[in-house]
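Any value given below was found using the heavy atoms of this structure, including those in side chains, with hydrogens, waters and symmetry copies removed.
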Amino acid sequence: DLWGGSFARSDEAAMLKLLLCVGAFSLCLLLAWLLTRKYRLRKDFYYNLSLFNERLYNEVSYTREPLPSFIEKQPFGGDFKKILTERSANGFRPGDCAIPYLKEDERKFLDDYLSMIGKSDAASQKNYLASRRAEVEARRQASEEAYKKHFSLYIKLGVLAGLVLVILIV
């Protein structure tokens with residue numbers, strides 16, 4: 001029964017290598033996906049900001065519902081919803097937009113944008129929101145392009161790193 005025992009040990013070693021390869025490859029893909037988190041959050045943030053700008057513009061133009069009830073009814077999400085409720089609670093006074101994945105100029109833009117919300121009559125608000133529409137849309141598109149570019153890059157690097165580890169293990 002000498003042969004049966006050595007085959008069993010080699011099957012166990014092969015199975016262990018296979019599990020190690022699958023685990024290493026999966027870990028590399030997971031790390032690559034986690035590296036794209038900052039870009040995904042930025043993309044979602046600017047999507048919500050753009051949506052807010054458009055909906056508030058329409059709100060000011062037509063129904064003129066009070067700002068707090070408008071904010072409560074809208075399905076914004078993520079960090080944008082959090083910063084919007086914080087600013088709404090303190091009357092949209094200027095403050096620090098402590099969102100780690102935004103650059104300094106983006107934080108300043110957001111602070112300026114939010115500090116102007118609800119500060120004037122409907123006609124002035126409508127003009128302000130219309131004037132910011134192009135810039136908000138440009139920032140949204142830029143964040144989407146950056147996400148697509150970096151997501152593809154990091155996933156490809158994760159796959160390559162996983163393949164290198166698999167080759168080294170085997």
> Can you list every ring pair (Phe, Tyr, Trp, His ring centres under 6.0 Å) pair that touches residues 53-72, not counting sequence neighbours?
Replying inline: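 Residue pairs passing ring pair (Phe, Tyr, Trp, His ring centres under 6.0 Å), neighbours aside: none found.
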>> Taking Val22's backbone N and O only, do any of them form a donor-acceptor pair with Ser26's side chain (distance below 3.5 Å, no angle check)?
In response: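 It does hold such a pair.
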>> When you measure from the side chain of Gln74 to the backbone of Lys81, do you find a donor-acceptor pair of N or O atoms at a distance under 3.5 Å?
In response: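 No.
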>> For a quick check under 3.5 Å, do Asp112 and Ser115 share a side-chain donor-acceptor pair by atom type?
In response: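 Judged by distance alone, the side chains do not pair up.
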With sequence neighbours left out, write down each residue that passes side chain to side chain contact (heavy atoms under 4.5 Å, CB included) with [X], or none if nothing qualifies.
X: Val164; value: Leu168
X: Lys103; value: Arg42, Asp105, Glu106
X: Lys82; value: Asp79, Glu86
X: Ser69; value: Glu65, Pro66

Tell me, please, which residues at least two apart from [X] pass side chain to side chain donor-acceptor pair (under 3.5 Å).
X: Asn53; answer: Tyr113
X: Ser61; answer: none
X: Arg107; answer: none
X: Arg140; answer: Glu137, Glu144

> Looking at Phe151, does the NZ or CZ of Arg40 lie under 6.0 angstrom from its six-membered ring centre and within 45 degrees of the ring axis?
Replying inline: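 The answer is no, since Arg40 fails at least one limit relative to Phe151.
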>> If the condition is ring-ring contact (aromatic ring centres under 6.0 Å, His included), which residues does Tyr39 pass it with, not counting sequence neighbours?
In response: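 Once residues adjacent in sequence are excluded, the partners of Tyr39 under the ring-ring contact (aromatic ring centres under 6.0 Å, His included) criterion are His150.
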> For Phe52, which residues count as a ring-ring contact (aromatic ring centres under 6.0 Å, His included) partner, sequence neighbours excluded?
Replying inline: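 So Phe52 forms a ring-ring contact (aromatic ring centres under 6.0 Å, His included) with Phe76, Phe80.
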> Apart from Leu20 itself, which Ile, Leu, Val, Met, Phe, Trp or Tyr residues share its cluster (side-chain heavy atoms under 4.5 Å, direct or through members)?
Replying inline: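 Other cluster members: Ile169.
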